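Below, chains carry the letters A, B, ... as their sequence lines are ordered, and counting in each starts from 1. Computed from a prediction, not measured in an experiment: that's the story for all the values here. Reckoned from all heavy atoms, side chains included, excluding hydrogens, waters and symmetry mates.
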Amino acid sequence: MNLFEQTICEMAAKVLNSADESGVWEPFELNELIEQPPNPEMGDYALPCFSFAKSLRRSPIKIAEELADKLQTDLNHDSSVTAIQAVGPYLNFTVSAVVMAETVLPDIFLGTYFKAPSKIALERVMIEYSQPNTHKGFHVGHMRNVALGDSLCRIYKYNGYEVVGVNYIGDVGAHIAKCLWFFRNHNTETPPEHFRGEWLGELYTQAVKKLDDAQGQEKIKFQQEVSQILQKLEAKDKEFTREWKMTREWSLKDFYEIYEWLDVNFDHIFYESEVDEEGRKIVLEGEQNGTFERSEGAIGINLEEENLGFFMLLKSDGNTLYATKDLALAQRKFDEFGVKRSIYVVGAEQTLHFKQVFATLKRMGYVQVGQCFHLPYALVMLPEGKMSSRAGNVILFSQLRKEIIESIQSTHLAEHREDWSQLELNETAQKIAVAAIKYGMLNQDSNKQIVFSMKDWLISEGDTGTYLVYAYVRIRSIGRQIPREVSSDVDFSLLVHPNEKKLLRQMLDFNRTVYNSGEQYRPSLLARMLYEFSKNFSRAYNTCSVKHAETAQLQAARLLLFHCVAETLLQGLHLLGITPPERM
RNA sequence: GCUCCCAUAGUUUAACUGGAUAAAAUAGGGGUUUCCUAAACCCUAGCUCCGUGUUCGAGUCACGGUGGGAGCGCCA
């Protein structure tokens, strides 16, 4: 509850309790009801009166009128509330822009505002995301996961949680055997200098195709060869292990380069290869003590009670499954990392899988499963259907990155080519590209599919990441041109323009928006707020000039306001994983 | 066959979790640069898949359809 909400709730509680002797309204209860009117002319805060109708036995419209009448006498000149009016069934409050500015601007200027949430020390939470497979290409679908997970890590940290952001890389399994099979037996090319991991992904696709296309005797022969490689890998055969390690490094090198470019950092990286054995052990022990059962040669658990069917945990040939390793991984998260809360950022197609994993962990006696959450997100699709490394119809991340950078360089940065260093041109293009990609992945709800079309991602107008960073650089540009130090010692009463007030309101609500984004697992809330915020800045930029302010006092006040807008935008963008350039 | 997700201007998405006149972007039409970066701003036109129900009130909840996507024991 901020200063304004508190004042409003206290005023409303007082007058409600005097009107209704049967019930007692506490200010904090009323705070739950507080909303924001659809447009600022109606007011800044609204109290809907529907819920009072029953006990007061009057229509909400009448109640709002009566309350508004009674409250008029409570208004005085230095109050934070400047006007109260009834609009239909709503009681609307207009608050003082001056008080708002006094409340929020000095704190932002000093930086204390952004440090407040982290002062509350909350529990340790692990966020698992990215999970790419080695020997496959990193495509734009993987990017959605990375953007979501990274942003959530940043938001949770900001909100006071102790965050452990982890990756879980798939470096074992049948797809690797297929890739190596093709690499050894059918490949004629020499590995390229760069992006060897992507090249392996192509080999994998070719391997799948060759296996699918093969007929009769040949098909059987191929399948035996692949199966043999898989067994040799499982048995830690020296030669194959060496080859696996070498090619695995190629993929990892690609991944780490991408993470670095994206400014994504993990606190820890798990590999499937390290939990493989552990998982097998857990399942075999579970079979011994009767938690799991053998069925058709394989081991699994009957989850009919939970309405989740039969969950396979170990193949009949004794090889591990994805599920096997997930049990071991969960055990490590709880036992070794002591996490209280565990978030899995994984595609929605695995919703059933995680329900089964969590149910199995519960049967095994892990009470912590109550704090395990699968955060699903919908796929990035191609117009012709699902992206699949198997089928080879993917848009590689490296291609998206390359095209966006080329587009930025040629259409916008060309004009600076004469006077900027090559280094700055490159860094600026990178920052804008990262903004465009991450914002594009985060600005919509995660349970909605994204149909990928390259031309959509090259747009730099309107509701895009580029727009946000452009707003930021324009504010910084103001600062460079005004020969005046930013100071919080200004006359706040000069900030009277509606556009300025909108900005103040959004800054006042910033920390709450970040909090909600985290608790609801929705970085999109923050992304959208920042877009609206940038939009409001752009409007203010056109209506409230700093350079051409009528008086020196007004200039100083606006300079402070816009400086604070830039600081807030910088913080917000950072929480989305975006670092804006200082000029563009 | 069963289960889950999605459906809103021509297109891509919002709507504070059941509240006020459904809001942006883009595409379309028109305008703004002797003045802090026109990657911007202003004006204009255009929308809740179809039924039934729940209640003061439904884009939002329930049930039944239609269309798209995903999942359902040896893939990850």
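Within 4.0 Å of A:Pro38, counting heavy atoms only, lies at least one base atom of the nucleic acid. Across all strands, A:Asn39 comes closer than 4.0 Å to no nucleic acid atom at all (heavy-atom distances). Among the protein residues, A:Ser59 comes within range of no part of the nucleic acid, since none of its heavy atoms lies under 4.0 Å from any strand. Residue contacts shown for A:Asp317 are absent, as no nucleic acid heavy atom lies under 4.0 Å away. Within the nucleic acid shown, A:Glu532 has no heavy atom closer than 4.0 Å to any nucleic acid atom. As judged by a 4.0 angstrom heavy-atom cut-off over every strand, A:Pro37 is placed among the base-contacting residues. Base engagement by A:Arg583 is indicated by at least one non-hydrogen atom pair under 4.0 Å involving a base atom. Residue contacts for A:Ala348: at a heavy-atom cut-off of 4.0 Å it reaches no nucleic acid atom on any strand shown. Among the atoms of the strands shown, base atoms are found under 4.0 Å from some heavy atom of A:Ile478. Among the heavy atoms of the strands lying under 4.0 Å from A:Leu321 are primed sugar atoms or P, OP1, OP2 only; no base atom is included. Among the heavy atoms of the strands lying under 4.0 Å from A:Tyr531 are primed sugar atoms or P, OP1, OP2 only; no base atom is included. A:Glu272 comes within 4.0 angstrom of the backbone, heavy atoms only, and of no base. Contacts of A:Met381 with the nucleic acid, taken as non-hydrogen atoms under 4.0 Å apart, involve only primed sugar atoms and P, OP1 or OP2.
Within 3.5 Å, no donor on the side chain of A:Asp326 pairs with an acceptor on the base of B:A76, nor the reverse. Evaluation of atom-type donor-acceptor distances gives a pair under 3.5 Å for the side chain of A:Ser316 against the base of B:C74.
Put simply, the side chain of A:Gln228 does not reach to within 4.5 Å of the side chain of A:Gln224, judged on heavy atoms. Counting only heavy atoms from C-beta outward, the side chains of A:Met381 and A:Met387 never approach each other to under 4.5 Å. A:Asn92 has its side chain out of reach of A:Ile84: every pair of non-hydrogen atoms, C-beta onward, lies at least 4.5 Å apart.
Glycosidic conformation of B:U33 is syn; the angle stays within 90° of 0. With a glycosidic angle further than 90° from 0, B:U60 counts as anti.
The residue among A:Val473 and A:Ala46 whose nearest nucleotide of RNA chain B is located toward the 5' end is A:Ala46. Along RNA chain B, the nucleotide nearest to A:His353 and the one nearest to A:Phe310 differ in position, and the one closer to the 5' end is contacted by A:Phe310.
The list of side-chain hydrogen bond (donor to acceptor under 3.5 Å, both in side chains) pairs with a residue in residues 294-307 of chain A, not counting sequence neighbours, reads A:Glu287-A:Arg294, A:Glu306-A:Arg363. The side-chain hydrogen bond (donor to acceptor under 3.5 Å, both in side chains) pairs that include a residue from residues 167-181 of chain A are A:Asn167-A:Tyr259, A:Asp171-A:Arg248, A:Asp171-A:Ser273, A:Trp181-A:Glu225, where partners are two or more places apart or lie in different chains.
Under the 3.5 Å distance criterion, the side-chain polar atoms of A:Thr320 are left unmatched by any main-chain donor or acceptor of A:Asp276.
One can place CG of A:Leu530 at 17 Å from P of B:A25, the figure rounded to the nearest angstrom. Atom-to-atom, CG of A:Asn447 to C1' of B:C4 comes out at 12 Å; the value is rounded to the nearest Å. Between A:Arg522 atom CZ and B:C16 atom P there is a gap of 8 Å when expressed in whole angstrom units. Whole-Å rounding puts the A:Asn307 CG to B:C4 C1' distance at 13 Å. Computed from coordinates, the A:Tyr541 OH to B:A38 C1' distance equals 10 Å when rounded to whole Å. Nucleotide B:A24 holds its C1' atom 14 Å from the CD atom of A:Gln444, rounded to whole Å. As a whole-Å value, the separation of A:Leu442 CG from B:A25 P is 21 Å. The OH-C1' distance, from A:Tyr377 to B:C4, rounds to 17 Å in whole Å.
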Requested in this report: Evaluate the side chain to side chain donor-acceptor pair (under 3.5 Å) criterion for residues A:Thr247 and A:His135: first the C-alpha distance (whole Å), next the side-chain angles of each, then the deciding distance (0.1 Å), finally the verdict.
Outcome: CA-CA 7 Å; A:Thr247 49; A:His135 303 72; 2.8 Å; yes
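B:A14 and B:G59 are spaced 11 Å apart, taking the C1' atom of each and rounding to whole Å. Comparing the C1' positions of B:G29 and B:U13 gives an interatomic distance of 23 Å, to the nearest angstrom.
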Requested in this report: Using a 3.5 Å limit on both pairing distances, list the dot-bracket string of RNA chain B from the 5' end; Watson-Crick and G-U wobble pairs count, crossing pairs take [ ], interstrand pairs take |.
Outcome: (((((((..((((.....[...)))).(((((.......)))))....(((((..]....))))))))))))....
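Distances shorter than 4.0 Å separate none of the side-chain N or O atoms of A:Lys54 from OP1 or OP2 on B:C56. The side chain of A:Tyr515 contributes no N or O atom lying less than 4.0 Å from OP1 or OP2 of B:C16. Phosphate proximity of B:A14 to A:Lys448: present, with a side-chain N or O under 4.0 Å from OP1 or OP2. Contact check, A:Thr351 against B:C4: no side-chain N or O comes under 4.0 Å of OP1 or OP2. Side-chain N/O atoms of A:Arg539 include one lying less than 4.0 angstrom from OP1 or OP2 on B:C42. Using a 4.0 Å cut-off, some side-chain N or O of A:Gln481 falls inside it from OP1 or OP2 of B:U37. An OP1 or OP2 oxygen of B:C75 is reached within less than 4.0 angstrom by no side-chain nitrogen or oxygen of A:Lys136. An OP1 or OP2 oxygen of B:C4 is reached within less than 4.0 angstrom by no side-chain nitrogen or oxygen of A:Lys355. Between A:Asn542 and B:A40, a side-chain N or O to OP1/OP2 separation shorter than 4.0 Å is absent.
Looking at the side chain of A:Val546, the nearest of the listed nucleotides B:A76, B:C36, B:A70 is B:C36. When the nucleotides B:C74, B:C36, B:A39 are ranked by their closest atom to the side chain of A:Leu413, B:A39 comes out on top.
If you look at A:Tyr467 and A:Tyr439, their ring centroids are not closer than 6.0 Å. Taking the centre of each ring, A:Phe373 and A:Tyr344 stay at or above the 6.0 Å mark. Aromatic pair A:Tyr541/A:Phe537: ring centres closer than 6.0 Å.
For the 3.5 Å distance criterion, the side chains of A:Glu384 and A:Asn393 fail to qualify, holding no donor opposite an acceptor.
By the 5.5 angstrom centroid cut-off and the 30-degree plane limit, A:His175 is classified as not stacked against the base of B:A76.
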